[in-house]
2 protein chains.
Amino acid sequence: MALEHAILVSLLEQPGSGYELARRFERSIGYFWTATHQQIYRVLKRMEGDGWIDAREVAQQTRPDKKEYSVTAQGRSVLAEWLHEPIAPESVRHELAVKIRGAAFDDPVALIREVERHREAHADRLARYLAGELRDFTGPEAPSAPDAGQELQHVVLRGGIAYERMTLAWLDDVIATLHRLGPPA
Amino acid sequence: MALEHAILVSLLEQPGSGYELARRFERSIGYFWTATHQQIYRVLKRMEGDGWIDAREVAQQTRPDKKEYSVTAQGRSVLAEWLHEPIAPESVRHELAVKIRGAAFDDPVALIREVERHREAHADRLARYLAGELRDFTGPEAPSAPDAGQELQHVVLRGGIAYERMTLAWLDDVIATLHRLGPPA
DNA sequence: AAGGCCATGTAACCAGTTACATGATTCA
DNA sequence: TGAATCATGTAACTGGTTACATGGCCTT
């Protein structure tokens, strides 16, 4: 459970509406925490009720009005408290690995296509991460003296990049293994 | 949702009781799918009701009786069907990354200890994986001509090893970054 | 006129977690 | 005697997913 905390972090980085948060969860924040708009609206309501955030109605001419949320002092201290708590080592859920072991009881070669699809998805994600890194951290437009927030965002992004590179290499290994089990008979 | 399928795979590899499954979910299978005994018993019951598995009462002298489950023909075909369905790219949930970005709004140095704890946990896990690899796949006791099931188990384990190595390197990067943001003033 | 984006929600459901419960045997 | 292991469960709760719903503006 950390959606509340992910939202607090995101709103501290930049206040915004539920809709905007939902979009961020498809981008930057979404690289390490996912959430749908339904879930976000529900949690925002609870957080507002608990006094962690407050809303400001923003009227817009061309677009529908929106509620812009910001983190309250109380929200900040809830976040600080959470940051000081140790977290349990994460539990893994790797569906593709289940399928790979399951392939022993079906046709290993039939899985190759699926694994290749995943390989493509990860290659895409890596490309997006690298583009983001160039834009925000290592390119000519990037700040020459990044602040703490930017340094931390960058190190998290480097983690995403490392993860995608590792995954690509592993999926190549998987594909080669599946081929070897195939019909070369 | 794949606990059912993970159970089917595990029971195809080796029939067993709920208790035994729970132990496997702390070991081999647990490297890529976690589940507690409570959840396992609940799901086993449903799977039995749906005819995917069947139970055989096994009386034991010294230990309590147990129900040994095996996969039925129907269970096998359910698994095969699932294997042929494409799966959505997994959604990430990386709590530590949320904390790292959150550290910008608190004390980055205070996070170092926590990150080091995680580093240790991952180093332990890597050691266990490597020991398992040596025992089952690359050591002198390992089969010289592994079958498809063993090849696939090995490639999944290699994925776990690659993941832990990547994570260790990244956590070192994180620790160095947190230090840099610290008091060297 | 149709489809996409902005913006916000409700309701039902399902999967997973946490707490509680029982009881026998084996080992230190 | 007390802790660990084997063995199986119930109940309450929480977090997350899926389906459904509304409505205006902008672009093609």
Side-chain angles (χ1 to χ4, degrees), chain A residues 1-8 15-27 29-30 32-50 53 55-69 82 85 87-95 98, chain B residues 1-8 15-27 29-30 32-50 53 55-69 82 85 87-95 98:
Chain A
M1 203 285 303
L3 176 57
E4 280 92 334
H5 304 108
I7 287 177
L8 287 174
S17 67
Y19 187 83
E20 279 159 359
L21 280 169
R23 308 222 57 210
R24 288 183 213 169
F25 276 90
E26 286 163 11
R27 309 181 75 271
I29 290 277
F32 51 90
W33 204 270
T34 49
T36 59
H37 79 270
Q38 291 93 331
Q39 208 189 336
I40 289 166
Y41 283 117
R42 184 159 17 110
V43 170
L44 280 173
K45 221 160 234 189
R46 184 172 68 229
M47 289 170 77
E48 197 187 359
D50 291 345
I53 56 176
R56 194 172 63 91
E57 282 283 339
V58 177
Q60 303 182 113
Q61 309 91 315
T62 89
R63 292 183 277 176
D65 296 357
K66 64 175 181 180
K67 280 180 241 170
E68 189 177 83
Y69 291 99
W82 176 72
E85 274 169 25
I87 49 178
E90 314 134 56
S91 54
V92 198
R93 294 272 147 85
H94 202 326
E95 215 168 341
V98 179
Chain B
M1 205 286 300
L3 176 56
E4 281 92 334
H5 303 108
I7 288 176
L8 287 174
S17 68
Y19 187 84
E20 279 158 0
L21 281 169
R23 307 223 58 212
R24 289 183 212 169
F25 276 90
E26 286 165 9
R27 309 181 75 270
I29 290 277
F32 52 90
W33 204 271
T34 48
T36 57
H37 79 271
Q38 291 92 331
Q39 209 189 336
I40 290 167
Y41 283 118
R42 183 157 20 105
V43 170
L44 280 174
K45 221 160 235 189
R46 185 172 68 229
M47 291 170 77
E48 197 186 359
D50 291 345
I53 54 176
R56 194 171 62 90
E57 283 282 339
V58 177
Q60 304 182 113
Q61 309 92 312
T62 89
R63 292 184 278 177
D65 296 357
K66 64 176 181 180
K67 280 180 242 170
E68 190 176 84
Y69 292 98
W82 177 72
E85 274 168 24
I87 49 178
E90 316 134 53
S91 54
V92 197
R93 292 274 148 86
H94 201 325
E95 214 168 342
V98 179

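The chains referred to below are lettered A, B, ... by the order of the sequence lines, with proteins before strands, and numbering in each begins at 1.
- The CE-C1' distance, from A:Met47 to D:dG15, rounds to 15 Å in whole Å.
- At least one side-chain nitrogen or oxygen of A:Tyr19 sits closer than 4.0 Å to the OP1 or OP2 atom of C:dC6.
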Reading nucleotides 23-28 of chain C 5' to 3', which nucleotides get B (base under 4.0 Å from a protein heavy atom), which S (sugar-phosphate only), which -?
B-SS--

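- Interatomic distance, CH2 of B:Trp33 versus NE2 of A:His94, reported as 10.0 Å (0.5 Å rounding).
- The side chain of B:Tyr69 sits closest to D:dG9 out of D:dG9, C:dG9, C:dC6.
- A:Glu4 places its CD atom 6 Å from the P atom of D:dG15, with the value rounded to the nearest Å.
- Taking CG from A:Leu44 and CD1 from A:Ile7, the interatomic distance works out to 4.5 Å, rounded to the nearest 0.5 Å.
- Not a single donor-acceptor contact under 3.5 angstrom links the side-chain atoms of B:Arg23 to the base of D:dT8.
- The existence of a salt bridge linking A:Lys66 and A:Glu57 is excluded, since no basic side-chain nitrogen approaches an acidic carboxylate oxygen closer than 4.0 Å.
- Within the model, atoms CH2 of A:Trp82 and CD of B:Glu95 stand 5.0 Å from one another, a figure rounded to the nearest 0.5 Å.
- With C:dA7, D:dT8, D:dA21 as the candidates, the nucleotide lying closest to the side chain of A:Tyr41 is C:dA7.
- Counting any heavy atom pair closer than 4.0 Å across all strands shown, B:Ser17 reaches sugar-phosphate atoms only and no base atom.
- The base of D:dT17 sits with one of its N or O atoms less than 3.5 Å from a complementary donor or acceptor on the side chain of A:Arg42.
- Rounded to the nearest 0.5 angstrom, A:Lys45 NZ and A:Ile53 CD1 are separated by 11.5 Å.
- Rounding to the nearest 0.5 Å gives a distance of 11.5 Å between CD1 of B:Ile29 and OG1 of B:Thr34.
- Here C:dG9 presents its C1' atom at 16 Å from CZ of A:Arg46, a figure rounded to the nearest Å.
- The side chain of A:Leu3 sits closest to D:dG16 out of C:dT8, D:dG16, C:dT18.
- To the nearest angstrom, P of C:dA7 lies 12 Å from CD of A:Glu57.
- Between B:Glu20 atom CD and B:Lys67 atom NZ the span is 13.5 Å, to the nearest 0.5 Å.
- The nearest whole Å value for the distance from the CZ atom in B:Arg93 to the P atom in C:dG16 is 12 Å.
- Heavy-atom distances to DNA chain D give each of B:Ser91 and B:Glu68 a nearest nucleotide, and the one nearer the 5′ end belongs to B:Glu68.
- Taking side-chain N and O atoms only, A:Lys67 has no distance below 4.0 Å to OP1 or OP2 of C:dA7.
- Here the P atom of nucleotide C:dA7 and the CZ atom of A:Arg56 are 13 Å apart, to the nearest Å.
- Using a 4.0 Å heavy-atom cutoff across all strands shown, B:Gln38 reaches at least one base atom of the nucleic acid.
- When the nearest nucleotides of DNA chain D are assigned to A:Gln39 and B:His37 by heavy-atom distance, the more 5′-ward of the two goes with B:His37.
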B:Tyr19 vs B:His37, test: side-chain contact (heavy atoms from CB on, under 4.5 Å). Steps then yes/no.
CA-CA 7 Å; B:Tyr19 187 84; B:His37 79 271; over 6 Å; no

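- At whole-Å resolution of the value, CG in A:Asp65 and P in D:dG23 are 16 Å apart.
- Of the candidate nucleotides C:dT17, D:dG15, D:dT18, D:dT18 has the atom lying nearest to any side-chain atom of A:Thr36.
- Rounded to an integer number of Å, the gap from NZ of B:Lys45 to P of D:dA11 is 10 Å.
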